[in-house]
*Asks:* 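Here it is, the structure in full.
The sequence lines fix the lettering, A, B, ..., with proteins before strands; numbering per chain opens at 1.
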Amino acid sequence: YIPLISKGFQHQFWQAVKMGAEQAGRDFKVTVTFEGPESEAMVDKQIDMLTAALAKKPQAIGLAALDSKAAIPLLKKAQAAGIPVIAFDSGVDSDIPVTTCTTDNIAAAALAADRMAALIGGKGDIAILVHDQTSRTGIDRRDGFVNRIKAKYPNIKIVSIQYGGGDHLKSTDLAKAVMQANPNLKGYFGANEGSAIGVLNAVREMKRKVVIIGYDAGKQQKDAVRSGEMAGAITQNPVGIGYRTVEAAVKALKGEKLPKIIDTGFLWYDLSNMDNPEFIPLLYD
Amino acid sequence: MSTIAEKPVAAASAQKFGSSATQKLLAFGSLVVMLIIFSLATPNFFRVDNMISIMLSTAVAGVLGIGVTFVIITGGIDLSIGTLMTFCAVITGVFITNWHFPVLIGVLAGLLTGSLIGCCSGVLVSKLKLPPFIVTLGMMLIVKGLSLVISGTKPIYFVDTESFNLIAMGTMLDLSAIIPDFAIPNAVLIFFGVAAIAGFILNKTVLGRYTFAMGSNEEAVRLSGVNVDAWKIGIYTLSGAIVGVAGILIASRLNSAQPALGQGYELDAIAAAVIGGVSLSGGEGTILGTVIGAFIMSVLINGLRILNVPQEWQTVVTGLIVIFAVYTDNLRRRKG
Amino acid sequence: MSTIAEKPVAAASAQKFGSSATQKLLAFGSLVVMLIIFSLATPNFFRVDNMISIMLSTAVAGVLGIGVTFVIITGGIDLSIGTLMTFCAVITGVFITNWHFPVLIGVLAGLLTGSLIGCCSGVLVSKLKLPPFIVTLGMMLIVKGLSLVISGTKPIYFVDTESFNLIAMGTMLDLSAIIPDFAIPNAVLIFFGVAAIAGFILNKTVLGRYTFAMGSNEEAVRLSGVNVDAWKIGIYTLSGAIVGVAGILIASRLNSAQPALGQGYELDAIAAAVIGGVSLSGGEGTILGTVIGAFIMSVLINGLRILNVPQEWQTVVTGLIVIFAVYTDNLRRRKG
Amino acid sequence: MLSEQLLRMEGINKSFPGVNALKDVRFEARAGEVHALLGENGAGKSTLMKILAGVYSKDTGRIIYKGKEINLPNPRAAQHLGIGIIHQELNLAQHLTAAQNIFIGREPRSLLGLMLDEKQMNEDAKKLFAMLRLDLDPRTRVMDLVVAKQQMIEIAKALSFNSGLLIMDEPTAALNDKETEELFRIIRHLKDGGVGIIYISHRMDEIKKIADRITVMRDGAWIDTVNAADVEMDQIINMMVGRKLDEMSRAPGVTGSDEVVLSVRNLNRGGFIKDACFEVHRGEILGFAGLMGAGRTEVARAVFGADRVDSGEIFICGKKVRIRQPRDAVKHGVGYLSEDRKRFGLALGMDVEANIALASMEKFLGFGGVVNRKATRKTGAQFVESLAIKTPSLAQKVRFLSGGNQQKVIIAKWIVRNSNILFFDEPTRGIDVGAKFEVYKLLNRLAAEGKTVIMISSEMLEVIRLCTRVLVMCEGRITGELSGDEITQENILRLATLREAN
Ligand SMILES: Nc1ncnc2c1ncn2[C@@H]1O[C@H](COP(=O)(O)OP(=O)(O)OP(=O)(O)O)[C@@H](O)[C@H]1O
Ligand SMILES: Nc1ncnc2c1ncn2[C@@H]1O[C@H](COP(=O)(O)OP(=O)(O)OP(=O)(O)O)[C@@H](O)[C@H]1O
Ligand SMILES: [Mg+2]
Ligand SMILES: [Mg+2]
């Protein structure tokens with residue numbers, strides 16, 4: 001029995017992770033459960049979930065920590081009880097986890113920045129719409145993108161960084177206001193599904209020509225890429241993250257040695273490559 | 001004795017009229033002041049397209065605010081409106097996309113769902129005499145969970161029905177030939193339409209009359225031989241139906257039903273109503289006030305964004321303005 | 001005439017006493033029923049370590065519930081407690097980690113911050129006569145923004161101060177020698193301590209008396225020559241201080257101040273209070289009730305988790321139980 | 001017995017939005033006297049007294065108390081100066097006990113003033129009650145008490161201040177004769193102790209008994225101050241209403257028809273109503289008399305469906321009906337005017353017009369449930385005129401009307417409803433003589449029109465004068481029926497104390 005404590009459960013990304021985990025559960029014949037708090041701010045709720053999970057006497061445990069330190073005392077307990085811990089999505093400041101299955105969000109966002117620079121011709125105003133100001137993924141994607149632009153593209157100016165909570169509607173209204181304030185905006189990066197869709201809606205509603213780069217998959221993003229409204233997007237491999245996490249747990253239980261980090265990878269997709277077979281599992285709906 | 005009373009009658013009614021008119025002017029005034037300040041601060045603010053996007057972004061919260069206005073005037077509160085809106089959107093999505101019903105049926109299903117859940121809350125509040133705060137808090141959780149269950153925690157896209165998106169985003173009032181960019185999306189028209197109908201119901205019909213009377217003294221209304229429970233259920237049902245409209249609007253605008261969205265919208269809506277002068281202790285309020293309240297909120301947020309105020313400060317300023325707006329409204333009322 | 005009245009009075013007071021004792025037993029009873037059901041459903045539930053983790057996870061919401069109980073009994077409401085808790089945690093973090101003050105000073109700063117913000121809300125409610133719902137809604141936004149501003153939107157870790165973590169997670173009651181795993185964390189002890197002190201204040205002191213009196217009939221208290229405003233400010237300040245305790249607890253438990261956390265906690269806390277029999281219209285409530293209410297909530301959530309109920313269904317069930325708990329409480333009261 | 005001047009108020013002005021409540025009013029009171037303040041509803045009596053108690057601030061004018069000009073920014077300041085008040089409206093915290101209400105703001109403390117000394121407080125309250133000869137457990141919650149007892153608590157509270165000047169704004173409105181006597185005994189006792197007492201009441205017989213001097217106000221202005229011994233009551237009434245009232249009284253012996261419109265059999269509810277049986281005829285005014293807590297209100301509420309009953313049958317015009325909710329009663333043409341107008345009668349936040357129409361909305365509906373405002377306005381105006389409701393306009397919120405005028409609004413509500421059987425529970429509580437006559441006339445008129453009126457009143461004279469038949473209750477039982485010449489104070493009192501042999 002392996003419980004996975006994630007950072008959320010309602011969003012598509014996490015649902016895809018769950019799907020992968022459950023798939024692995026079937027493949028390796030282990031029971032997998034999956035749960036996460038409602039928002040990525042609820043660090044203590046996640047701790048409670050972890051505690052409840054430990055009470056169920058699991059064989060191994062998977063954790064996508066909302067805070068890189070808060071869970072450490074509990075993880076120590078798990079370690080003492082001989083329960084291997086697999087970190088996924090983002091790591092923990094400790095070597096208790098036998099391995100970490102993760103996407104390098106910083107590098108992924110940097111790739112998005114490179115693409116953006118290429119698409120707008122290396123100069124002009126751009127904006128970023130991030131889902132969260134305090135969560136790990138939010139910070140990493142924002143910083144990965146911003147730092148790359150600052151380091152490599154001095155002629156590109158980031159005029160706005162705002163946070164829409166991943167809420168499609170609020171992100172839409174937010175992006176519209178930003179575009180209103182910046183008539184010369186040439187590019188817009190949405191750092192997760194909700195944010196990217198918000199940007200997309202805003203551009204549609206304002207009938208402007210802005211290069212949009214998204215993050216994650218989902219039906220609306222894929223359609224937008226296909227129709228050319230969105231230049232392209234980064235996709236992680238959420239299904240793979242879930243699958244690999246469970247797989248690693250099973251291996252750890254068997255006593256196999258695991259690498260410290262299992263990079264589940266990320267990829268850039270756009271109209272040209274999205275129908276390649278390798279993308280099919282990555283572009284979840 | 002009747003002659004004695006005559007003079008004060010005339011004087012007071014003149015003053016009354018004056019003060020009530022002033023009140024509305026003033027509420028509207030603070031909105032105008034805000035518009036002026038933002039317009040002076042940045043040239044990008046006061047432009048046709050931005051005004052239209054402000055209206056569009058007010059539509060959903062505004063409709064929700066109108067729905068909750070009825071409940072608040074009875075002396076109740078409804079915390080479930082945010083997640084109920086989502087639930088209605090999801091049901092509409094299930095009907096249209098999953099079950100391939102025509103758009104109209106889907107929309108009706110959404111409205112019906114809203115009415116039904118509203119009705120449930122109404123029954124619990126009136127028949128079981130439970131506090132509205134707790135009933136709707138429970139209902140908020142229930143419909144939130146059900147949205148996820150029914151949608152399978154995945155968004156439902158309105159893929160096959162082009163026309164669904166037009167409910168909110170099409171336009172029946174397109175004057176862009178005369179004034180550039182002046183094409184008002186249907187969502188805004190629906191918002192105003194709902195406001196007009198709600199205003200009519202609240203001011204001109206028995207339902208409205210009893211809404212105020214119950215908020216003022218429910219026991220007295222009961223002892224007047226009115227079937228208080230039935231009317232209250234009616235009011236919650238109506239409020240639920242209006243929330244259903246908001247659900248259709250948001251689904252149509254996003255062209256999808258997002259099951260995880262919704263919580264938090266109730267506070268925006270309640271804030272809009274209260275800023276607009278609806279009294280949380282019941283018995284007082286207007287639809288126009290709520291509409292203005294909703295606009296105050298969205299103008300503020302839009303303006304701060306256009307000014308590029310950092311988001312954390314936006315939150316602080318919004319908090320301050322919420323308190324300040326209610327303060328000035330109270331001042332006005334005390335004078336009036 | 002005087003003799004006539006005697007009988008009903010005596011009878012009523014006997015009945016009163018009986019019913020109030022029964023009431024507490026019954027409220028406690030529904031908690032016990034829940035514990036039994038979960039224990040029968042899974043062997044993992046009723047175990048010392050799980051019971052302790054339930055207590056630990058109740059501590060923060062319970063302390064918040066105690067804080068808001070005072071405000072609710074006055075007939076008010078406090079929506080800011082969730083984000084205020086965070087704000088206190090952040091201030092403590094700033095003092096201890098950023099400015100290297102001793103832990104004690106940091107803790108005091110956190111408590112003081114809570115009191116101060118509570119005091120502000122109190123002033124706005126009592127002096128400016130603004131509705132508590134809106135004042136604390138505004139305050140919720142203000143402190144939420146300020147938490148982000150002050151912390152620089154990053155968690156503050158209590159890295160240099162080992163002892164800070166012990167406030168919540170150390171243990172002064174370690175019986176694990178006798179009963180395995182039976183070491184109650186300080187957070188739980190602090191929770192019970194706060195409950196005891198709050199219970200004392202509410203029942204035995206003037207402040208408590210005025211809390212009930214104001215919730216029952218504020219005008220009467222004012223006409224009795226009591227400085228209602230000052231006392232109300234006092235009550236909000238006390239409530240703020242208690243929220244400060246919750247802030248310290250959560251910071252200490254997480255060993256960090258998480259600036260984005262907090263919103264949503266107010267509803268849990270209010271639900272706990274109301275489930276425990278605190279009346280939202282004021283004048284009624286007990287600390288013990290709130291504590292039991294908080295336990296009902298956390299036992300429920302813990303139990304459902306351990307039973308592996310899918311998360312969306314957990315939400316639905318919680319909603320149902322919230323309504324049901326208040327319903328049975330009402331039934332009890334109507335009988336009594 | 002002329003003693004020194006205790007209080008002088010001069011040039012007092014006060015206006016509320018739309019109302020000039022006090023115009024250059026003067027008033028004066030001496031130590032050791034009972035000074036009655038009289039005037040119609042809305043004359044400004046309560047307003048003047050509230051200024052004196054620090055509840056309202058005056059717009060202009062001076063208050064001289066014990067020779068010094070004083071400022072009264074809040075109730076506490078008045079208390080400190082020894083000015084006590086019993087407000088016209090009850091001001092009690094329903095959730096607290098009797099003792100807790102009395103000592104609110106002055107709780108006995110223990111342990112360095114940190115803790116409340118509940119025991120001490122209950123003992124003190126007990127002593128107060130003993131002085132008032134009121135038998136009441138100080139630990140009873142106020143919400144469990146009937147209005148009369150609540151009023152007694154207010155009186156006890158005011159007395160506990162040991163004030164030098166005590167204002168009583170209609171203290172007896174909710175009391176019966178016996179309790180009133182008890183209060184008068186205390187007033188005389190206080191008077192002998194040199195306390196100045198300002199006494200407001202609409203019961204003229206009381207004024208004769210207790211007042212030393214009388215000040216009359218009309219329409220917010222001072223009219224005159226006279227020695228009680230020097231004037232006839234008629235003169236006072238003339239001063240109050242500014243015209244002569246034709247003393248009316250119903251010709252005795254006029255009974256209703258023989259047709260029984262309402263018949264109640266074996267009504268039971270808890271220990272409050274025991275086997276009540278009675279019949280009422282068309283066109284009669286049936287009185288219900290009894291002491292406080294006798295169960296009259298309970299009977300009315302039970303018949304009206306406001307409370308659940310344990311058993312009993314109700315026949316209206318010979319047909320058995322089931323009344324489980326007020327709306328069933330209203331459908332059968334029964335109306336109930338409650339004794340507590342603020343709690344059960346009025347939507348205080350709504351205007352006069354809306355309140356008058358409230359019970360009969362279906363009469364004013366157009367297509368699609370739209371309210372016919374023209375009709376409601378017309379009806380409203382008609383009743384403001386015919387009942388002489390003093391209001392600045394139909395759009396005035398009822399909250400701002402004086403008590404008596406509020407009462408008239410409720411009466412109007414039930415008349416508009418055109419109910420055939422009307423329960424009037426203390427219909428003249430707190431309304432002035434002029435208005436009282438109006439109400440009497442109205443009741444007579446209603447009876448003459450063939451309506452059936454059941455009047456519950458604690459004012460015995462009123463019952464005697466108006467009713468053709470009187471039922472007397474004691475401890476939930478109907479202990480007797482009086483008619484015609486049998487209706488006398490003695491007989492009523494005898495039946496009202498006829499307790500069940502145990
Ligand atoms: N708070 C208020 N706001 C507006 N008008 C008021 C207020 N209080 C009193 N009034 C008005 O002031 C006038 C005087 O009222 P007041 O209560 O003093 O009369 P009163 O003599 O005590 O009458 P009653 O015998 O009915 O108690 C009335 O016309 C009343 O409507
Ligand atoms: N809600 C209640 N709860 C408990 N006891 C009640 C309640 N209402 C009334 N009673 C009791 O019922 C009895 C009858 O009261 P009721 O009000 O009918 O008397 P009444 O004859 O109308 O007297 P009053 O002159 O005070 O109006 C009293 O003993 C009272 O204490
Ligand atoms: Mg008066
Ligand atoms: Mg009575």
*Asks:* Under a 4.5 Å heavy-atom cut-off, does chain B meet the side chain of A:K18, its backbone, both or neither?
*Replies:* neither
*Asks:* Using non-hydrogen atoms only, which part of A:Q220 is less than 4.5 Å away from chain B: side chain, backbone, both, or neither?
*Replies:* both
*Asks:* Set out, in order, the CA-CA distance, both residues' side-chain angles and the distance that settles side chain to side chain contact (heavy atoms under 4.5 Å, CB included) for B:K154 and A:K219, then state yes or no.
*Replies:* CA-CA 10 Å; B:K154 274 191 289 289; A:K219 170 146 184 42; over 6 Å; no
*Asks:* Determine whether B:P155 and A:Q12 make a side-chain contact, defined as any pair of heavy atoms from C-beta on separated by less than 4.5 Å.
*Replies:* yes
*Asks:* Drop me the distance from A:E205's CD to B:I52's CD1, to the nearest 0.5 angstrom.
*Replies:* 11.5 Å
*Asks:* At a 4.5 Å cut-off on heavy atoms, which part of A:N201 comes close to chain B: side chain, backbone, both, or neither?
*Replies:* side chain
*Asks:* Could you check whether atom NZ of A:K157 has more than 12 heavy atoms from other residues, nucleotides or ligands sitting under 6.0 Å from it?
*Replies:* no
*Asks:* Distance check, rounded to the nearest 0.5 Å: B:L254 atom CG versus A:T172 atom OG1?
*Replies:* 5.5 Å
*Asks:* Rounded to the nearest 0.5 Å, what's the gap from CE on B:M169 to CZ on A:R204? Could you check?
*Replies:* 10.0 Å
*Asks:* Heavy atoms only, distances under 4.5 angstrom: which of B:I306, B:N302, B:L307 has the most pairs with chain A? Name it, please.
*Replies:* B:I306
*Asks:* Can you establish whether the number of heavy atoms outside B:R253 located under 6.0 Å from its atom CZ is more than 12?
*Replies:* yes
*Asks:* Measure distances from A:Q180 to the heavy atoms of chain B and classify the residue's part below 4.5 Å as side chain, backbone, both or neither.
*Replies:* both
*Asks:* Begin from the C-alpha positions of A:M179 and B:D49 and carry the test side chain to side chain contact (heavy atoms under 4.5 Å, CB included) through to its verdict.
*Replies:* CA-CA 11 Å; A:M179 281 160 56; B:D49 56 349; over 6 Å; no
*Asks:* For a side chain to side chain contact (heavy atoms under 4.5 Å, CB included) check, start with the C-alpha distance between B:Y157 and A:D223, then their side-chain angles and the critical distance, and finish with the verdict.
*Replies:* CA-CA 11 Å; B:Y157 299 105; A:D223 287 352; over 6 Å; no
*Asks:* Could you look at B:D268 and say if it's the side chain, the backbone, both or neither that has a heavy atom under 4.5 Å from chain A?
*Replies:* side chain
*Asks:* Among B:L261, B:N50, B:I54, single out the residue with the greatest number of heavy-atom pairs under 4.5 Å to chain A.
*Replies:* B:N50
*Asks:* Tell me which of these, B:G303, B:S256, B:G152, B:G264, has more heavy-atom pairs under 4.5 Å with chain A than the rest.
*Replies:* B:S256
*Asks:* Roughly how far, to the nearest 0.5 Å, is CD1 of A:I197 from CD of B:Q258?
*Replies:* 8.0 Å
*Asks:* Calculate, to the nearest 0.5 Å, the distance between atoms CZ and CG belonging to B:R305 and A:L174 respectively.
*Replies:* 3.5 Å
*Asks:* Checking side chain to side chain contact (heavy atoms under 4.5 Å, CB included) for the pair A:S160/B:N308: CA distance, chi angles, key distance, verdict?
*Replies:* CA-CA 7 Å; A:S160 159; B:N308 252 330; 4.0 Å; yes
*Asks:* Which of the residues A:G166, A:G198, A:P183 is involved in the greatest number of heavy-atom pairs with chain B at under 4.5 angstrom?
*Replies:* A:P183
*Asks:* Is a side-chain donor or acceptor of B:Q311 paired with a backbone partner of A:Y163 at a separation under 3.5 angstrom?
*Replies:* yes
*Asks:* Please classify the contact of B:T42 with chain A as side chain, backbone, both or neither, using a heavy-atom distance under 4.5 Å.
*Replies:* neither
*Asks:* Can you name the nearest heavy-atom pair linking A:A181 to B:N44, along with the distance?
*Replies:* O-ND2, 2.9 Å
*Asks:* Working to the nearest 0.5 angstrom, can you tell me the gap between B:T153 OG1 and A:W14 CH2?
*Replies:* 14.0 Å
